[in-house]
Amino acid sequence: MSSEKTPIPAGSNFIRAIIEKDLSQNKYATKKWAGSPGDAAHQDTGVVDVAKIRTRFPPEPNGYLHIGHAKSIFLNFGLARDFDGICHLRFDDTNPEKESQEYVDSISDAVQWLGFGWDNTNETNLYFASNYFDLMYRAAESLIETGHAYVDEQSADEMRINRGTLTEAGKDSPYRSRSVADNLARFREMRDGKHADGSMVLRAKIDMASPNINMRDPAIYRVRRAHHHNTGDKWCIYPMYTFAHPIEDALERITHSICTLEFEDQRPFYDWLLERLAEAGLLAHPLPKQYEFARLNLTYVVLSKRKLIQLVEEKHVSGWDDPRLPTLAGARRRGYTPAGFKLFTDRIGVSKADSWIEYTILEDCMREVLNVDAERRIAVLDPIKLVIDNYPADQSEDCFAPNHPLKPELGKRTVQLTKELWIEREDFMEVPSKGFFRLTPDGMVRLRYGYVVKCTGCEKDADGNVTVVHCEYLPDTKSGTPGSDSVKVKGNIHWVSVAHAYEAEVRLYDRLFKEAHPGEGKHEDGRERDFLDDINQDSVQVITTQLELSLKDAKPEESFQFERHGYFVADKKDSVAGKPVFNRTVTLRDAWQK
RNA sequence: UGGGGAGUCGCCAAGUUGGUUAAGGCACUGGGUUUUGAUCCCAGCAUCCGAAGGUUCGAGUCCUUCCUCCUCAGCCA
C-alpha cells in the first residue's frame, strides 16, 4: 500500500508494542525475500526484504465478509502501512467443500472498498493457500521422514475416543510406531487415490498425553475427493488448517501472523511445526510468529457465519447485501462508509479482553464522517400539505439553501417556494405537547430558508385526521434579506414545494434484532433462546416521500444528509437513472425527548 | 475438575522495567453558539484498578490465595 502515513500512537495497543520492539531489535534485518512465496531455497536467492514487516489477511472464501473482518483488515493492512510493511491478501482455501469463486470475488471487492489492495511497488501480494499444495505435500513428507508424522488408520470415532478428555491423557494409536518407509508409502497411496475418503489421515507425532489437546497428534492431512475451485481435481488429499496455516505464513515470509483468540491453543503447534520444517531445511529463520487479539462482538447483530447464512437462506433478509445485515456488502448498501469503519476500528482498539461494543458506537462513527462528507438536502418523509393562504397561487420564488453548513465553498442551491408545500406531519400538532415548539395553531415557525409563517388552523377528515394545515406568511422575514430576523422564532421546519417535488421511495431501516445479545439466555419455560426469536419484525419500513427536485439526479451510493432527519444513500442496486431510491443509513441524534 | 487466556469509570481502552494528583474516546450531566431540537464549543464525570492478604518509603504494576468470564476434546477454519 502506498498511502498517507499516519503517526504511530506510541504503544496504543499490544501488537504495535510488539512490532516496535521487534523492529528496534532488528529482528528482520537479514530476512530475505525472493519476490514471491517459497521455501528456504527459494527465499535464499532473494534480497533483504524491503518490507519492514509482513502481515496478512487470510479469509477462507466460504462466506461474505462482515464488520468483524473490517477490524482485522484495518488492523493487518494498517499495521503494514504504518510500519513500512506489506500486507498480503491470502485466501485460505484448504477445504474444497465449502469454498467458491463467488466468495473470492465478494471478499476481494470488500477489501478494495475499504481502501486496501494487493498491488505493491514491485509485486502483487494476492495469494491462495491452494497454490502451495505442492510445497505442503513436500513438508508433510519431510515430517514423515524425520519421524514426526504417521499415517493413522483409526476411524474418526476411534481417534476421538483415544484423544482422551480435558482431564485425561489420550492413548497412542496402534499405528503410531510404523516405520518411516511404511508411513511414506501409505501417505503416497493416500495422495494417489488408493484409499477411501476418511479411511486414514496423516497425523503429527507429538504427545498423546499433552495437557494441550491440540498437541495430541493433530490430524494434518485428510483424504477427500472433492472438486477444488482453484486446483480442480488434482488432489484427493487436503491439508488441515492447523498444518497449512503456519506453512502459508512461512512461505510468504510473514513476520506477524495476527489472528483471533480462539487460536491461542494452536500456537504451540504453529511453533512446533515451523521449527521441525526449519530443522529439515525447508524453511528459513526468522519464522513467523502468531499473535492473538479479541474478535469483535457487536450488540444487536450476529456475526457468526452460521447465523448469517441462516438469515440469508431462510430469507429473513433479502440477500447477503441486505442493508440490515452486518456484512460489508450490506453495510455498503446501507450507506456505511470506509472512513466510518476506519474511525470505528480506531475507536474500539485492539486488546485480548473479550468485549461487546455497543452498536451505537458504530452509528456514531458513521454520523461523524457523514456529517463532514455529506451534502445537505431537503426531504419530507411523512408529507402533509401546508397552504400559505396569503401567498399568490401563481407565484414561485427562489430560496437559497447551503449545500453544506460546514463548507460554504460548496455553495448554495435554489429551491422553489410556492403557495402549497409539503411539510412533515410531525411538525404540526393541533394540541402541542409540552416543549413542542414547531407548528401549532396561532404559533409561528420559520420555513427553513424561507419565511416566518403563522399557523391559522387545519382541516380534518371525517376520522379527525389532519389533512391540510393553513398558515399566513410574514412578507419581511425571508431568510437572507435585511430584517429577516425581525421576528424571532424558535421553531424551524423544512418543506418542499408541491409543484417542485420528487416523489420517491425511501427505506427506513432499523436494527435487525430487538435484543442486545440475540439468542442469549433462556425462555421463561427454560428452553434455550434462538437468535431468530429476537428478530425485529419492523426492521424496515418502505415509504413514499416528497424530496427536493435536485435529489432526482442523485447517483447510486451518493450520500446526503436529509436535514433534520439523518443520512441517506441512493441505493446502489435499486436506483435507476433519474429515479433513485434512498436507504436511511442512520438518523441524526435527537435530544428532544418526546 | 487439565491446558491456554482475560478481568482498569455505563461501553471500549492506555498504563513497557513499581515512583508524585489512574491517559484518551464513546456515553452521560450541566452551560454556551446555532435558520438542522443536528453540528460545534466549554465544564463535570474512577481516592480507585475482580476480591482478600502480603512485600515495599512507595503497587493497577511484584508475591500468595481466592472469585468471575472466555477458550480447547472436527478427518472445519
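Owing to the predicted nature of the structure, the values given are computational and were not obtained by experimental measurement.
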Give one of base, sugar-phosphate or nothing for [X], where a contact means two heavy atoms less than 4.0 Å apart.
X	answer
A:Phe436	base
A:Ala219	sugar-phosphate
A:Tyr238	nothing
A:Glu60	sugar-phosphate
A:Glu168	nothing
A:Leu166	base
A:Tyr221	nothing
A:Met240	sugar-phosphate
A:Ser355	sugar-phosphate
A:Pro58	nothing
A:Asp265	base
A:Gly480	base

Check: A:Phe263 ring centre within less than 6.0 Å of A:Tyr241 ring centre = yes
It should be established whether [X] places a side-chain nitrogen or oxygen under 4.0 Å from OP1 or OP2 of nucleotide [N].
X	N	result
A:Arg216	B:G3	no
A:Ser479	B:U35	no
A:Arg589	B:A27	yes
A:Arg367	B:C40	no
A:Arg163	B:G74	yes
A:Thr94	B:A77	yes
A:Arg222	B:A77	yes

Is there a side-chain contact between A:Phe57 and A:His69 (heavy atoms, below 4.5 Å)?
-> yes
Kindly indicate whether the side chain of A:Arg446 and the base of B:U35 share any N or O donor-acceptor pair separated by less than 3.5 Å?
-> yes
Pair assignment for B:C9, Watson-Crick or G-U wobble, requiring both distances under 3.5 Å | none
Atom pair distance, as rounded to whole Å: NZ in A:Lys488 and P in B:U34 | 8 Å
Using atom CZ of A:Phe293 as one end and atom P of B:G5 as the other, report the distance to the nearest whole Å.
-> 18 Å
Is [X] salt-bridged to [Y], going by a charged N under 4.0 Å from an acidic O?
X	Y	result
A:Lys407	A:Glu375	no
A:Arg564	A:Glu424	no
A:Glu153	A:Arg178	yes
A:Lys305	A:Glu60	no

Is B:G74 in the syn range, within 90° of 0, or in the anti range?
-> syn
